[in-house]
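We name chains A, B, ... by the order of the sequence lines, and we start the count at 1 in each one. Every heavy atom of this structure was used, including side-chain atoms; hydrogens, water molecules and symmetry mates were not.
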Amino acid sequence: MYQSKSFIPTLKEEPAEAQIPSHRLMLRAGLVRQVAAGVFSWLPLGFRVLKKIINLLREEIDAIGGQEFFLPALNPVEIWEQTGRAEAMGDVMFHIKNREGLVLAPTHEEIITYHARQHVKSYRDMPQIWYQVQTKFRNEPRPKSGVIRGRQFYMKDSYSLDENFDGLDISYQKHFEAYKRIFDRCHIKYFVVGASSGAMGGRQSQEFMVESESGEDTCAVSDSGYAANIEVASSALEPAKRLADNPEIEKFATPNAKTINDLIEQFGIPEERCAKSVVYMADDSPVLIFMRGNDELNESKLSGVLGTNNFRPAESIELVKYTGADHGSIGPINLKTKFKLIADNLLENANGLVSGANIDGFHYKNIDFSRDCSIDEFHDLRTVHAGEPCPVNGSPIRVAKAIELGHIFKLGTKYSEALGAKFLDANGKENPIVMGSYGIGVERIMACFIEQNHDESGVIWRQPISPFDVHIIPLGLNKSAEVGEIADKIYKDMSDSGFEVLYDDRNESPGVKFNDADLIGIPYQIIVGMKNIKNGNIEIKSRDSGERDIVPIDAIADYFK
RNA sequence: CGGGGCGUAGCGCAGCCCGGUUAGCGCGUCUGGUUUGGGACCAGAAGGCCGGAGGUUCGAAUCCUCUCGCCCCGACCA
């Protein structure tokens, strides 16, 4: 492609709005332009890369038996109401204003299930893997980091349909392997974590993560290979040991102790003997949760335990109403009303505990969770922190921020049941289709690649996602007709041989051309200048290593073999 | 949605506190010329309702009120 005729608006200066390297370089190299917060236009050069990534995705999903669909972005809201996600999505879903009943699809489980319901009626029709690479719309409260978090973005989404969970396991595993191939082929350094399935529903899920300061997810990783999203991560901390001395409970005045730290400082109570009380309202019912000492309650885990996303910390009025005391003095003994009590695993069967007396300004000590009160359930509820031992072999956990590139879910039957997608099994019995859902953020692949493959000068593309294979850079076109003739011939020969060639035929000074070439970042620069052609040579520079080879003009084809 | 910052030429910015001629600078763009192995130089030129709406004032980019947009932190994140 002739660069003089191409629209590749490179920027010499840093755009003010871009904070992270990938965003800055995508703007500077002329890949994208922002139109509104979280909304971007892809310019020709950037779109070339996007198309290459999409083609690679198609190859790998086709290879596991995927069949590509093209699904509507406009969806009837009814179908989203049937699965309960119209409400669950809330403001995240765009609603069409001048055509009641239509929404912009933030994802496509509903539509896929709708088609499955229509036509997948027998176990003989399965397994199926259906996918699409399309624009999704999400009204993100805060778009950020360039294309990493937009309101409109490409997603490769595939969905598996199976007759049972064994089949789902196979479909899931196929995707797991395909995803590894995809990210490997894109030269992205990633790791896989166990994840929460959140409002998607389902049982197992894993995320493909790229470690980055710009990441929005937090992960716990350790040298043992343990890796989990902080939402589900656990550590191998020992529970509080039972004390041999187990006296009766005793009320004591704690007028100035509102927090666990106050108790520790004012009364010398060891942190692990404090049972911190936290009250949440879940679907309008109170739940009292006990955490060890200053352990942080993990709301993702709590959500799983409560089975709802509709919960919040209780307010003071509610605290007094249900427990008899305000925050700082709440505990398991002497509660004003009876309601559900749950506790973190680290407190299971613990004794010698200090907790609120449900009278403002008083606590009990010597509480034995087995003897003095009845805890309904124990669960892992705490948020892990750096340095804690990992569950695999106890090596220390590191906490890292990461960008979520892909997410694979075992959905199960949530959507098929909600929408009535049922089939007859070999015994003639009706069952809901067992589904999986597997997403990849297409723009995020590009952004993460650039985050990991750039230098001071610009992007450093690698195949197979580079926008071009080679960049021909003739120097001194005005001064020497010969340079132009040789460059023309190289351009023609390489194009004819199937190379994708960007040809900088512009009448610019060498500095401009070199800087643009490094910024755009095509893997090889073929530099045609008088210095070398008088000896029958050209120069080939590797963008990645910076190494330069002097190559005879007629040996260029061999060079790239 | 809370907190903070910013809207002045295509891009990056100054001017604003302390109101007062034709609103500046750098880059880019256009014309002519000189240059051509790492963003070169000279001369000339075009380009702005100072985000928008009200107000205060003899006079507003500048002061006040309200709005809209963008960025950052937090909340949120299928």
Could you measure the distance from the CD atom of A/Gln67 to the OG atom of A/Ser158? Nearest 0.5 Å is fine. 11.5 Å
Sugar-phosphate, base or nothing in reach of A/Phe153, heavy atoms under 4.0 Å: base
Pairing partner of B/G2 (Watson-Crick or G-U wobble, both distances under 3.5 Å): B/C73
Given atom CG of A/Leu27 and atom C1' of B/C71, what is their separation to the nearest angstrom? 13 Å
If we ignore angles and hydrogens, is there a donor and acceptor under 3.5 Å between the side chains of A/Glu207 and A/Asn229? yes
Counting any heavy atom closer than 4.0 Å, what does A/Gly476 reach on the DNA or RNA strands: base, sugar-phosphate only, or nothing? sugar-phosphate
A/Asp91, CG: over 12 other non-hydrogen atoms inside 6.0 angstrom: no
Interatomic distance, OG@A/Ser212 vs CD1@A/Ile148, rounded to 0.5 Å, equals 6.0 Å
Between NE2 of A/His23 and P of B/C70 the distance, given in whole Å, is 13 Å
Could you check whether A/Asp91 gets within reach of a base, just the sugar-phosphate, or nothing at all, counting any heavy atom under 4.0 Å? nothing
Looking only at side-chain N and O atoms, does A/Arg142 come under 4.0 Å of OP1 or OP2 in B/C73? yes
With a non-hydrogen cut-off below 4.0 angstrom, is A/Leu11 in contact with a base, only sugar-phosphate, or nothing? nothing
Is it the case that atom CZ in A/Phe137 sees more than 12 heavy atoms from other parts of the structure closer than 6.0 Å? yes
When you measure from the side chain of A/Pro141, which nucleotide among B/A75, B/C71, B/G39 comes out closest? B/A75
A/Asn298 meets the side chain to side chain donor-acceptor pair (under 3.5 Å) criterion, sequence neighbours left out, with none
Given B/C76, B/G38, B/C71, which nucleotide is nearest the side-chain atoms of A/Pro510? B/G38
What's A/Asn532 touching, base or sugar-phosphate or nothing? Going by heavy atoms closer than 4.0 Å. base
Pick base, sugar-phosphate or nothing for A/Ala18, based on heavy-atom distances below 4.0 Å to the nucleic acid. nothing
Value in whole Å for how far the C1' atom of B/C77 lies from NZ of A/Lys136: 16 Å
Protein-nucleotide distance (A/Gln19, atom CD; B/C6, atom P), rounded to Å: 14 Å
Want to settle it: does A/Pro143 or A/Pro106 sit nearer the 5' end of RNA chain B, counting the closest nucleotide to each? A/Pro143
Could you pull out the protein-nucleic contacts involving nucleotides 27-33 of chain B (nitrogen or oxygen on both sides, under 3.5 Å)?
from  : atom 1 : to      : atom 2 : distance (Å)
B/C27 : O3'    : A/Lys12 : NZ     : 3.4
B/G28 : OP1    : A/Lys12 : NZ     : 3.4

Full working for side-chain contact (heavy atoms from CB on, under 4.5 Å) between A/Met494 and A/Ile556: CA-CA 9 Å; A/Met494 294 199 76; A/Ile556 295 173; 4.1 Å; yes
Given atom CD of A/Glu539 and atom C1' of B/G38, what is their separation to the nearest angstrom? 12 Å
Closer to the 5' end of RNA chain B via nearest nucleotide, is it A/Lys479 or A/Gly38? A/Lys479
Output the single nucleotide from B/G37, B/C70, B/U36 whose closest atom is nearest the side chain of A/Lys531. B/G37
Tell me the interatomic distance from A/Phe514, atom CZ, to B/U36, atom C1', rounded to whole angstroms. 11 Å
Sidechain N-carboxylate O distance under 4.0 Å for A/Arg543, A/Asp455: yes
Sugar-phosphate, base or nothing in reach of A/Arg548, heavy atoms under 4.0 Å: base
Round to the nearest Å and state the distance from A/Arg28 atom CZ to B/G12 atom C1'. 12 Å
Measure CZ/A/Arg149 against P/B/G74 and give the value in whole Å, please. 11 Å
Under 4.0 angstrom, heavy atoms only, what part of the nucleic acid is A/Asp516 near: base, sugar-phosphate, or nothing? base
Measuring from the side chain of A/Glu17 (C-beta onward, heavy atoms only), which nucleotide among B/C72, B/C76, B/C70 has the closest atom? B/C70
A/Asn478: side chain to side chain donor-acceptor pair (under 3.5 Å) partners, not counting sequence neighbours: A/Asn507
Listed nucleotide nearest any side-chain atom of A/Asn515, set B/C13, B/U36, B/G38: B/G38
Sugar-phosphate, base or nothing in reach of A/Val512, heavy atoms under 4.0 Å: base
